[in-house]
Amino acid sequence: MAKAKRDEEFTFVSPVVKYLLFLFNMLFWIIALALISIGVYSRIVKHAETVLACLTVDPALLLMIVGVLMFFVTFCGCVGSLRENICLLQTFCIILTIIFLMQLVAGVLGFVFSDKARGKVTEMVDSAIKHYRDDLDLQNLIDYGQKQFNCCGGVSYMDWSQNMYFNCSKENPSRERCSVPFSCCLLSKVETVINTMCGHRMQELEYVSAGAFINTNGCIDNVVNWIHSNLFLLGGIALGLAIPQLAGILLSQILIDQIQDQIKLQNYNQQHRSDPWRRNWQKNI
């Protein structure tokens with residue numbers, strides 16, 4: 001009788017795998033909620049016309065999309081591991097595998113078709129420049145990028161003429177006509193008073209003359225050069241992103257196999273529990 005009870009209490013499902021997968025998903029679930037909250041807040045505080053003007057280059061929208069996708073995937077992982085639900089765990093595993101493969105394919109295609117990828121990036125940067133004054137989040141992002149990479153514009157500082165405020169045409173009534181943002185400026189550490197108007201009328205100067213006051217090189221070339229100089233760092237970041245995904249896929253697949261083995265054991269016990277020969281044998285024990 002004691003042996004039969006031990007057989008019923010035995011389980012193939014490892015609590016270590018189960019709760020490790022749950023905690024793993026719980027962590028990213030919280031991160032997803034934070035991304036969604038930040039994205040929603042950023043969208044709410046913006047003006048309606050701004051929201052409609054630059055949907056394709058809105059950092060807040062990107063945060064919301066990533067957050068919602070991560071929330072759905074980690075929700076399946078959390079509930080699936082806690083409830084030992086094979087359907088949710090398989091959904092989690094399949095989606096995570098698809099995301100991992102898409103990242104891998106995107107990386108390979110970006111390397112093989114680098115010219116086309118560069119063209120797409122240039123289009124995105126040009127679109128961001130056009131909406132520079134329309135979105136404060138986008139403006140801060142561009143300013144941060146130009147300061148970090150010591151660059152100005154996409155291909156060169158003249159790209160800022162694509163923006164309606166910085167456009168260099170004579171018909172432009174803007175006070176910022178032919179100028180570039182302050183984030184393009186070369187700042188000296190010895191200056192006690194920062195000249196925030198240092199980018200004024202820079203597009204009217206020749207490349208060499210403008211280079212004495214602002215960064216004239218475009219951000220795309222500078223970013224590409226930075227990537228070539230930091231391949232090991234980027235490889236480490238890519239590996240750091242891949243490891244959690246592979247760990248989630250592996251843990252979910254292990255747990256699915258364990259749950260399936262447990263179901264087979266339960267069916268076996270139930271089948272033999274209803275067997276009269278087995279009941280008589282257990283009584284004799």
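Residues: numbered from 1 along the sequence shown.
- Residue Lys147 holds its NZ atom at 7.5 Å from CG of Leu187, rounded to the nearest 0.5 Å.
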Identify each donor-acceptor pair in which a side-chain atom of residues 12-27 lies under 3.5 Å from a protein atom, sequence neighbours left out, and give them as a table.
unit_1: Ser14; atom_1: OG; unit_2: Val16; atom_2: N; d: 3.3
unit_1: Lys18; atom_1: NZ; unit_2: Glu84; atom_2: OE2; d: 3.1
unit_1: Asn25; atom_1: ND2; unit_2: Leu21; atom_2: O; d: 2.8

Subject >> Tyr132 vs Leu138, side-chain contact (heavy atoms from CB on, under 4.5 Å): CA-CA, chis, key distance, verdict >> reply: CA-CA 6 Å; Tyr132 176 77; Leu138 180 63; 5.9 Å; no
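- Interatomic distance, Ile256 CD1 to Asp261 CG, rounded to the nearest 0.5 Å: 12.0 Å.
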Original post:
When you look at Tyr165 and Trp160, which way does the ring pair (Phe, Tyr, Trp, His ring centres under 6.0 Å) test go after all the steps?
Top reply: CA-CA 9 Å; Tyr165 297 99; Trp160 281 103; over 10 Å; no
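- The line from CD1 of Ile30 to CG of Leu35 is 12.0 Å long, rounded to the nearest 0.5 Å.
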**OP:** Might you work through the side-chain contact (heavy atoms from CB on, under 4.5 Å) test for Phe166 and Cys178, ending with a clear yes or no?
**Re:** CA-CA 5 Å; Phe166 299 104; Cys178 282; over 6 Å; no
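- Taking every heavy atom of both residues into account, Phe28 and Thr74 meet most closely at CB-CG2, 3.5 Å.
- Heavy-atom minimum distance, Leu89 versus Gly77: CD2-O, 4.3 Å.
- The six-membered or imidazole ring of Phe71 lies near that of Trp29, with a centre-to-centre distance under 6.0 Å.
- Taking CD of Gln253 as the reference point, atom OG1 of Thr97 lies at 8.0 Å (rounded to 0.5 Å).
- Phe100 and Ile243 are not part of a single hydrophobic cluster, where members link through side-chain heavy atoms under 4.5 Å apart.
- Taking all atoms of both residues into account, the shortest heavy-atom contact from Gly67 to Ala32 is O-CB, 3.5 Å.
- Residues Leu241 and Leu234 share a single hydrophobic cluster, defined by chaining ILVMFWY side chains whose heavy atoms lie under 4.5 Å apart.
- Within the 4.5 Å cutoff, no side-chain heavy atoms of Val79 are placed close to those of Asn85.
- Between Asp221 and Arg118, at least one side-chain N (NZ, or NE/NH1/NH2) sits under 4.0 Å from a carboxylate O, which counts as a salt bridge.
- Across Asp143 and Pro181, no two heavy atoms sit closer than the pair OD1-CB, 4.2 Å.
- The sulfur atoms (SG) of Cys198 and Cys185 lie less than 2.5 Å from each other.
- Looking at Met70 and Ile31, their side chains come closer than 4.5 Å, going by heavy atoms from C-beta outward.
- At a threshold of 4.5 Å between non-hydrogen side-chain atoms, the residues Tyr41 and Ile36 do not count as touching.
- Looking at Gln146 and Cys219, their side chains come closer than 4.5 Å, going by heavy atoms from C-beta outward.
- Between Glu123 and Asp126 the shortest side-chain heavy-atom distance does not fall below 4.5 Å.
- Residue Ile98 holds its CD1 atom at 10.0 Å from SG of Cys93, rounded to the nearest 0.5 Å.
- Paired with Arg177 under the rule side-chain contact (heavy atoms from CB on, under 4.5 Å), one option of Arg201, Glu171, Gln203, His200 passes, and it is Arg201.
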**OP:** Kindly indicate, with the supporting measurements, whether the criterion side-chain contact (heavy atoms from CB on, under 4.5 Å) is fulfilled by Asn172 and Met164.
**Re:** CA-CA 8 Å; Asn172 185 12; Met164 61 182 296; over 6 Å; no
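- Here the shortest heavy-atom pairing between Cys76 and Thr91 reads SG-CG2, 4.0 Å.
- Annotation: side chain of Asn217 is in contact with side chain of Tyr207 (closest heavy-atom distance under 4.5 Å).
- Taken together through direct or relayed side-chain contacts under 4.5 Å among Ile, Leu, Val, Met, Phe, Trp and Tyr, Leu69 and Ile249 form part of one hydrophobic cluster.
- By the rule that hydrophobic residues join a cluster once side-chain heavy atoms approach within less than 4.5 Å of another member, Met158 and Val155 end up as members of separate clusters.
- Minimum heavy-atom separation, Cys151 to Asn222: CB-ND2, 3.6 Å.
- Inter-residue side-chain proximity for Leu250 and Leu246 is flagged as unmet; no heavy-atom pair is nearer than 4.5 Å.
- More than 12 heavy atoms of other residues, nucleotides or ligands lie within 6.0 Å of CZ in Phe182, so this atom counts as buried by the packing criterion.
- Within the model, atoms CG of Leu265 and CD of Gln260 stand 14.0 Å from one another, a figure rounded to the nearest 0.5 Å.
- You'll find the side chain of Phe92 reaches within 4.5 Å of the side chain of Val73, heavy atoms only.
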Original post:
Step by step, would you call Met102 with Ile99 a side-chain contact (heavy atoms from CB on, under 4.5 Å)?
Top reply: CA-CA 5 Å; Met102 287 176 62; Ile99 292 174; 5.5 Å; no
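- Side-chain N or O atoms of Asn167 include none that pairs as donor or acceptor with a backbone N or O of Asn163 at under 3.5 Å.
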